[in-house]
2 protein chains.
Amino acid sequence: MARATSRPESTRRRQRWPDGYDPENTRNSLITSALGLIEQRGFDRTSVQEIADQAQLTKGAFYHHFASKDDLLRHIQEEYLEAQLAALQKIEADSDDPAVRVRELIRFSLTSVAEYRAHVTIFYQERRYLTGDLFAEVTRKRGLVEAAFAGMIADGVTRGVFRPDVDPRIATFGLVGMCAWAYQWLNVGGPLSVDEVARQFSAMVLEGLSA
Amino acid sequence: MARATSRPESTRRRQRWPDGYDPENTRNSLITSALGLIEQRGFDRTSVQEIADQAQLTKGAFYHHFASKDDLLRHIQEEYLEAQLAALQKIEADSDDPAVRVRELIRFSLTSVAEYRAHVTIFYQERRYLTGDLFAEVTRKRGLVEAAFAGMIADGVTRGVFRPDVDPRIATFGLVGMCAWAYQWLNVGGPLSVDEVARQFSAMVLEGLSA
DNA sequence: ATAATGCTACCGTCCGGTCGGAAGGAACCG
DNA sequence: CGGTTCCTTCCGACCGGACGGTAGCATTAT
């Protein structure tokens with residue numbers, strides 16, 4: 001069954017390997033390999049064999065570190081979501097002004113896309129392949145991020161900073177969509193810098209296109 | 001090889017079947033079956049056998065009507081894109097005012113999502129599974145839709161209807177994302193009507209959130 | 001001795017696609 | 001009208017390959 005997901009690292013006897021070799025590296029290189037391949041070809045079209053090959057390992061090694069192929073997918077999804085939720089709390093703590101918060105949230109979302117590109121792509125494309133409970137759990141956490149958007153907008157409406165005829169639910173879906181969609185086109189090395197895009201998006205949403 | 005894609009319908013001897021039976025129905029029921037299954041489980045996780053089963057047919061029938069499983073995917077994608085492009089031209093012909101055009105384009109995009117739900121889902125989720133030339137072709141046509149958005153916005157900027165500091169490329173990506181993302185949450189029978197969502201999106205983009 | 005790590009070989013299953021043929025209307029011939 | 005041939009439509013059995021996962025073993029550090 002391998003240690004796979006639950007690993008009592010503290011109580012486990014830790015082995016020491018020569019010349020800086022660390023089995024945790026093996027695990028990471030498998031994940032890195034998987035990230036690249038799955039982002040490119042999709043989960044179902046990436047075989048465990050290919051993941052192992054690119055990491056210069058074998059299937060045996062893979063199944064020593066992961067309980068199953070799905071377990072790997074789960075790991076990637078959780079890794080991404082945890083980073084998201086952590087950054088989210090920081091934003092909520094940093095400012096109280098709805099407009100500033102929305103601005104920051106947009107910038108943060110786009111930065112995530114640029115930074116965790118493979119994670120994001122995999123998250124949106126392969127989310128539905130998670131089984132039962134896991135899907136529910138991931139969807140719940142994802143809901144938290146969207147709830148943050150919605151809360152900020154609703155807050156802005158009640159405090160009179162935003163127009164009174166705005167429906168926070170709909171505005172949230174629009175905002176989330178704008179930012180999430182960026183994984184389809186935003187390139188880190190491309191002509192559009194993340195900051196510039198964030199500024200344009202913020203301006204469009206807050207002040208509108210009209211002159 | 002079956003007739004598959006190119007079918008000289010006019011010159012072909014047309015068989016007439018009893019009591020209104022039409023082999024074209026078989027083809028359509030296969031497509032309908034496929035739309036439902038692929039939307040739900042994804043292309044790779046839907047077997048040809050399952051598609052045939054749900055249409056109360058066999059794999060043999062499937063492979064009589066389609067050259068391959070990919071051929072079916074191609075058909076679905078093209079069906080959707082053709083409808084998109086046709087509606088697009090109508091919008092461009094109907095009005096000249098950039099604001100009106102953007103409004104109409106938003107409404108149109110959302111209506112498409114509601115109407116062609118399965119098509120849209122499959123289009124975005126399984127686009128990358130198209131092979132070589134086909135992918136290029138589909139991406140090209142998709143680019144036409146986005147170019148329409150971009151053109152309208154750029155036009156609005158040069159004519160002074162939109163703010164001069166708007167980058168048409170970025171604004172387009174935002175708009176497209178807002179609308180495309182709707183396939184993830186917009187339900188025809190749900191609490192949010194398409195018209196209402198379209199109105200809110202338009203207001204947000206054109207006038208902005210700020211009071 | 002024990003536990004962790006990784007490798008090789010292997011298994012069972014599922015799935016896309018093929019092939020030969022059956023059923024039956026359409027067309028031509030007489 | 002009867003008989004024959006052709007074509008379309010669909011069936012059902014089958015094949016080859018790929019893939020997820022398993023089992024047993026070798027190596028190395030504690």
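Residue numbers start from 1 in every chain, and the chains themselves are labelled A, B, ... in the order their sequence lines are given, proteins ahead of strands.
Taking side-chain N and O atoms only, B/Thr26 has a distance below 4.0 Å to OP1 or OP2 of D/dC10.
Protein atom CG of B/Asp53 is 14 Å distant from nucleotide atom P of C/dC14, rounded to whole Å. Rounded to whole angstrom, the span from the CD1 atom of B/Ile51 across to the P atom of C/dG17 amounts to 11 Å. In this structure, A/His64 atom NE2 and C/dT5 atom P are separated by 4 Å, rounded to whole Å. If you measure from atom CG of A/Asn25 to atom P of C/dA4, you get 19 Å, rounded to the nearest angstrom.
A/Glu137 has a carboxylate O that lies under 4.0 Å from a charged side-chain N of A/Arg140, or vice versa, which qualifies the two as a salt bridge.
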Heavy-atom contacts, protein to nucleotides 18-25 of chain D, under 4.0 Å, summarised as B (base), S (sugar-phosphate only) or - (none) per nt, yield -SBBB---
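Around OH of B/Tyr116, the count of heavy atoms belonging to other residues, nucleotides or ligands within 6.0 Å does not exceed 12. Counting heavy atoms of neighbouring residues, nucleotides and ligands inside a 6.0 Å radius, atom CG of B/Asp94 exceeds 12 of them.
Looking at the side chain of A/His65, the nearest of the listed nucleotides D/dC10, D/dC11, C/dG6 is C/dG6. Side chain of B/Thr58, nearest nucleotide from D/dT8, D/dG12, C/dT5: D/dG12.
Under the 6.0 Å cut-off for aromatic ring centres, B/Tyr124 and A/Trp181 qualify, their centroids lying closer than that.
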Using atom types as modelled, flag every donor-acceptor pair under 3.5 Å from a side chain in residues 29-39 of chain B to any protein atom, sequence neighbours excluded.
residue	atom	partner	partner atom	Å
B/Ser29	OG	B/Asn25	O	3.4
B/Ser29	OG	B/Thr26	O	2.8
B/Thr32	OG1	B/Asn28	O	2.9
B/Ser33	OG	B/Ile51	O	2.9

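Every residue two or more places apart in sequence or in another chain that forms a side chain to side chain contact (heavy atoms under 4.5 Å, CB included) with B/Glu82 is listed here: B/Lys141.
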